Amino acid sequence: MNRPPASIYAVLAVAILSISASAIFVRLAGDTPAAIIAFYRLGIAVVLMTPWVLLKHWSHLTSITKKDAVSSMVAGVFLAAHFILWFESLNYTSVASSVVLVSLQPIFAFLGTFFFFRERFSAGAVLSMMIAITGSVVLGWGDFQTGGEALYGDVLALLGGAMVTGYFLIGQSVRKRLTLTSYTWLVYGMASITLLLYNLPSPASFSGHSGEQWLVFLALALIPTFLGHSLLNWSLKWVSTSQISMAVLLEPVGASALAYVLFGETLSWTQLLGGAVVLFGLMIFILSTTRKRKPTLSYSARRRG
C-alpha cells in the first residue's frame, strides 16, 4: 500500500463516529416506520449522487454486463432488507444491543465465504465465533428478562446483520469490475425501489413528516452513508481491510455513548458483559482470519496447486 496521508486516522475517526450516529438518527425520526426511514436515507443518497454519476460515470454504466447489473440489483435488495430489519429492531431493543448484534456480520461473512468460496475455518476463527455467540446469548438473556419485545428486537438486529452480509458477499465479486460510484449508485437505486415497493401496500405514509424528520432523513444520507461508508471505502487505498474491520468494531461504543448522552440510555450489567464479550470475540475473529487470508487458503487454489 502507498504511504498513508497524515490525516488517515482522523478520517477513520470521522467515519466511525458517522456510522455510529445512524442508530441515533433513526431514534430521532420518532414514530416514522423503519422502512420509510430506510427509503428516504437511500433515496436521498441516490438523488444527490445522480448528477455526478451522469456526468462522470455514465459511459462506465452503459458498458457493464447484464450479469453484473443483475448482481448489483440483488445486492440492493439485500441492503434494503438489512435497513428494514435493523431500523425496526431499534423500536424494540436498545441502541447498544442492536448495534452490537448487527456488528456480528463479520462472522456471517466468514460463514458465507466458507459455503460459497470454500474458505476453511481456522481454530482461532471457530473459537472467536463461539465467544461472540456466547456474548450475544448474554445480551439476549438480559433482554429476555427485560421483556419479549427486547428479545424480538435482538432477533431483528441479527437478521439485519445477515442481510448486510449477503450484500457484501455479492459486492466482493462485482466491485472488482465496477467503479465504487457506479456500483453504489446501482445498489442504492435498487434498494430504494425495493423499499418503495415494500412501503406501497403498507399504511405508512411517504408524506406528512415534520421538518425535523426531513432533516433526519437528509442527515442519514449525508452522515452515515457518505461521511461514514464512503470515507471507509476511501481509506482502503491506504489502510487494510482488517484494520477497517477493527475500526468498525468501535461503532457499538460510539453508538452507546451517543445514546447515553442524547437519550439517557443506561446499560445493564448483561448488556455491558454481553457487548464486551461479543466485541472481544469479533476482535479475535478478525485477527485470526486476517492471518489466514492468503491465496493458498482458497479451496480452488489448493486444488490447482
Side-chain angles (χ1 to χ4, degrees), residues 19-45 75-105 108 136 139-140 142-144 146-168 187-188 190-210 212-221 223-225 228-229 251-252 254-256 258-259 262-263 265 271 274-275 278:
I19 62 175
S20 298
S22 182
I24 304 301
F25 286 129
V26 173
R27 280 288 180 85
L28 290 175
D31 58 355
T32 307
I36 293 291
I37 299 173
F39 168 74
Y40 280 117
R41 171 179 177 167
L42 294 174
I44 291 173
V77 174
F78 274 99
L79 184 62
H82 160 69
F83 281 128
I84 292 171
L85 292 165
W86 180 38
F87 287 2
E88 190 66 29
S89 76
L90 292 165
N91 292 323
Y92 299 97
T93 191
S94 68
V95 169
S97 293
S98 177
V99 176
V100 167
L101 291 170
V102 167
S103 295
L104 284 169
Q105 73 89 11
F108 290 123
S136 67
L139 270 174
D143 284 342
F144 180 77
T146 301
E149 284 193 351
L151 187 62
Y152 175 65
D154 291 347
V155 173
L156 292 178
L158 276 172
L159 292 174
M163 291 299 104
V164 78
T165 300
Y167 160 62
F168 283 130
V187 171
Y188 292 169
M190 187 61 198
S192 299
I193 293 171
T194 302
L195 289 162
L196 175 65
L197 296 175
Y198 178 87
N199 283 306
L200 283 177
S202 73
S205 175
F206 289 94
S207 60
H209 306 295
S210 66
E212 290 80 5
Q213 288 171 322
W214 284 110
L215 287 175
V216 168
F217 301 153
L218 178 61
L220 278 166
I223 298 177
T225 304
H229 291 282
E251 180 186 357
S256 299
L258 289 172
L262 297 175
F263 305 132
E265 274 196 8
Q271 288 176 316
V278 169

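Side chains included, hydrogens not; waters and symmetry mates left out as well; all remaining heavy atoms used. Note that this is a predicted model, so its numbers are computed, not measured.
Each of Val77, Leu195, Leu79 was scored for a side-chain contact (heavy atoms from CB on, under 4.5 Å) with Met190, with one residue passing: Val77.
When all heavy atoms of Gly153 and Ser89 are compared, the pair lying nearest together is O-CB, 3.1 Å. Smallest separation of non-hydrogen atoms from Gly43 and Ser192: N-OG, 3.3 Å. The minimum heavy-atom distance between Ser22 and Phe87, with the atom names listed, is OG-CE1, 4.1 Å. Nearest heavy atom pair, residue Ala191 against residue Gly76, reads CB-O, 3.2 Å. The two residues Leu200 and Phe206 have their closest heavy-atom pair at CD2-CE1, 4.1 Å. Annotation for His82 and Gly161: closest pair ND1-N, 4.4 Å, computed over non-hydrogen atoms.
Put simply, OG1 on Thr225 and CD1 on Ile19 are 11.0 Å apart, with the number rounded to the nearest 0.5 Å.
Under the rule for a side-chain hydrogen bond (donor to acceptor under 3.5 Å, both in side chains), Thr194 has no partner lying at least two apart in sequence or in another chain. Take Leu85 and apply the side-chain contact (heavy atoms from CB on, under 4.5 Å) test, not counting sequence neighbours, and it matches Leu156, Leu159, Met163. By the ring pair (Phe, Tyr, Trp, His ring centres under 6.0 Å) test, Tyr188 is found to be paired with no residue, residues two or more places apart in sequence or in another chain being considered. Under the side-chain contact (heavy atoms from CB on, under 4.5 Å) criterion, Thr32 pairs with Ala29, Ile36, Ile37, His209, Gln213, Phe217, not counting sequence neighbours. For Leu215, there are no side-chain contact (heavy atoms from CB on, under 4.5 Å) partners, not counting sequence neighbours.
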Legend entry - Worked verdict on Leu220 versus Tyr40 for side chain to side chain contact (heavy atoms under 4.5 Å, CB included): CA-CA 8 Å; Leu220 278 166; Tyr40 280 117; over 6 Å; no
Legend entry - Criterion side chain to side chain contact (heavy atoms under 4.5 Å, CB included) on Phe83 and Phe39, from CA distance to verdict: CA-CA 9 Å; Phe83 281 128; Phe39 168 74; over 6 Å; no
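Side-chain atoms of Asn199 come within 3.5 Å of backbone N or O of Ala35 as a donor-acceptor pair.
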